[in-house]
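Every chain is numbered from 1, with letters handed out A, B, ... down the list of sequences. Heavy atoms only: backbone and side chains are in, while hydrogens, waters and symmetry mates are out.
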Amino acid sequence: MVYKYFDHQADVGIIGEGSSNAVAFQEAAKAMFNVMYDADKARALQTITIKARAEKIDELFVEWLNKLLAQADLKRLVFSQFKVQIEQKTGYLALTGIAKGEFYNEKKHGSKTEVKAATYSQLKVGKKGDRWFAQTVVDV
Amino acid sequence: MKVGNYELKEVKKYTWELAQDSGMNVPGVIFGNKAIMDHLIADVKEGKEWNALRQVRNVATLPGLVKASFAMPDIHPGYGFPIGGVGAFDTETGVIIMGGIGYDVNCGVRTMTTPLTKKDILKKQKEIADELFKTIPAGLGSTGKLHLTEKEIDQVLKNGAEFAIKKGFGRKEDLEFIEENGKLKGADPKAVSHLAKKRQFKQIGTLGSGNHYLEIQIVDEIYDKKIAKIYGLKKGQAVVSLHCGSRALGHQVGMDYTKILAEATRKYKIKIPDKELVCAPFKSPEGQQYYSAVAAAINAAFANREALGHLVRQAFKKVFNVKEKDIKLMYDIAHNTAKIETHKVNGKMKKLIVHRKGATRAFGPGRQEVPKKYRAVGQPVLIGGTMGTSSYILHGTQTGMDLSFGSAAHGAGRILSRREATRRFRGESVVNALSRKGIMIRGHGWKGIAEEAPGAYKDVDVVINVLHETGLAKKVARVKPLVVIKG
């Protein structure tokens, strides 16, 4: 399990990696929230559920990240732990995810850069060898 | 000149044509000098998968694009469109594109003039910096003083800046000096999701973060005395400029419609060379619905900047005892928009859907859309530099109308990635260096300041010079910051 960043001229590229596409999605979420704050410091005190669906796996990945962003903004939460399940349904993919975190506290979590959205830019979800990766650029 | 698969030719000074290949419907046109072009070419030669030249080319493959895929001199890679990209599409045969508008819908700049001088500001520089920092909600997830209900948000989306004024957050006389008079027609609150509205309940009157800022600037050079006088500018005068957009509502509109347009692209079998160019025929139900949502988000941003303008007036009243009416809105312009405009194409006036992504409208003399006070000389074009350099005020021209549908650059344009900027600069050092130049900064985090360090951007003077020399917009005045509030 690991997350990484890659350079982009105006914004930030994020990559999540793992043993499955679901784990890669989880790791990428960590990468995204750590662009905004010191998210790793957030304790798992609040839990929310995310449901998303899309025809393509890469579009599902963007849906997952954007739904997380909206909930974090709306509820003023910083998320640090994630659990994702992806199922193939007839004609689409369905994601059920859980995010855990705590209410935002500038003193504890700091203030880095607001992420406006996860985008379709440099969007890729795939496998390298036996490991999955999910990457995109987040608009900041 | 052959650059990778691209054929580039300087057809006129600072005007480069990207030759049409078999996939393009029209050529590309980039306005840039050698330094700007070298940077673009280097990205292609280094094999960067994602480069702005390719994006100029990709936009030219979309249906209904008129004349050319244009890029302003602040060009750098964006999402589908390059930043600095302008694309005008036929409203009958063309498309509306997510990447031509982006997530920060109607991120824009407003400049307000004050009766104060540099000397006045310097006397109370710390007091006004602290007061503005306290008064202007900025930073991650900041919330404003206006807490609205969903019904009221619908009013914001329909009426834009007018709503803020009705709530006591602005002045009626400002409306004439906002692009579209602060209220774009065609907005439909029903096209905006409940979630987008909910995220905006407390975000009207907030600055946000990233490259958003508020600055007290001093007019330090006048290039065109006659037009400066018409705009109300004098050498040594203090002005206030702020840069921000539609906040969470605009971001959510972008997120919601990315998905809808991805599906529309498949439904209408539109061939796109880059996934970020998801789009819908403008006349289709999806295209019309997206336009209505974008217009609504544009109005939310106008309301936001109007409310922020009110907070600026209050801070100046408290610190300098300046009457609110004496802080006048010079102009408020929009970036990141798609709007229906009429332009001359092949000698005939034509209705177009003009996308400006990281580009600004720069209408020339005589256009009805320009406030009466400025109509004889063209609209003010406000171009932000970096927090350590200069910003510029230019005016729109007939040349710009003819060349680029009345469009100009929106800023300096980044040359370093945010990560590279934080590797090279430390927030503390940036603040100290600017402090030695007499510029006082207030911000919410060192990292954000390092990302926005002056060295992370192109030389704004070069960008301005290209606009001036090509005639896309002409220089009126230069302003330099004394106080910077970063989001």
### Residue pair B:Y103 / A:K116: nearest heavy atoms and the distance that separates them
CB-CB, 4.5 Å

### Task
For the pair B:K275 and A:E59, find out whether any cationic side-chain nitrogen is under 4.0 Å from an anionic carboxylate oxygen.
yes

### Task
Take A:E114 and B:H212 through the test side-chain contact (heavy atoms from CB on, under 4.5 Å) and record every step on the way to the result.
CA-CA 11 Å; A:E114 185 172 43; B:H212 295 172; 5.9 Å; no

### Message
More than 12 heavy atoms of other residues, nucleotides or ligands under 6.0 Å from CZ of A:R53: yes or no?
### Response
no

#### Entry: Pair B:M255-A:L69, side-chain contact (heavy atoms from CB on, under 4.5 Å): steps then yes or no
CA-CA 10 Å; B:M255 291 177 187; A:L69 274 179; 3.8 Å; yes

### Query
Is the number of heavy atoms from other residues, nucleotides or ligands under 6.0 Å of B:K202 NZ greater than 12?
no

### Message
With a 4.5 angstrom heavy-atom cut-off, is it the side chain or the backbone of A:Y104 that approaches chain B, or both, or neither?
### Response
side chain

### Query
Is the number of heavy atoms from other residues, nucleotides or ligands within 6.0 Å of CD (A:Q85) greater than 12?
no

### Task
Give the member of A:V140, A:D139, A:T113, A:L74 that has the highest number of heavy-atom pairs under 4.5 Å with chain B.
A:D139

### Query
Crowded around A:K124 NZ? As in, over 12 foreign heavy atoms under 6.0 Å?
no

## Note on the structure
Correct closest heavy-atom pair for A:S121 and B:G78 would be OG-O, 4.3 Å

### Query
Name the one of B:R247, B:R199, B:H251, B:Q252 that satisfies side-chain hydrogen bond (donor to acceptor under 3.5 Å, both in side chains) with A:D73?
B:R199

### Query
With only heavy atoms counted, which part of A:A118 is less than 4.5 Å from chain B, the side chain, the backbone, both or neither?
backbone

### Task
With a 4.5 Å cut-off on heavy-atom pairs, point out which of A:A54, A:A70, A:A117 contacts chain B the most.
A:A70

### Region of A:K56 in contact with chain B, defined by heavy-atom distances below 4.5 Å
side chain

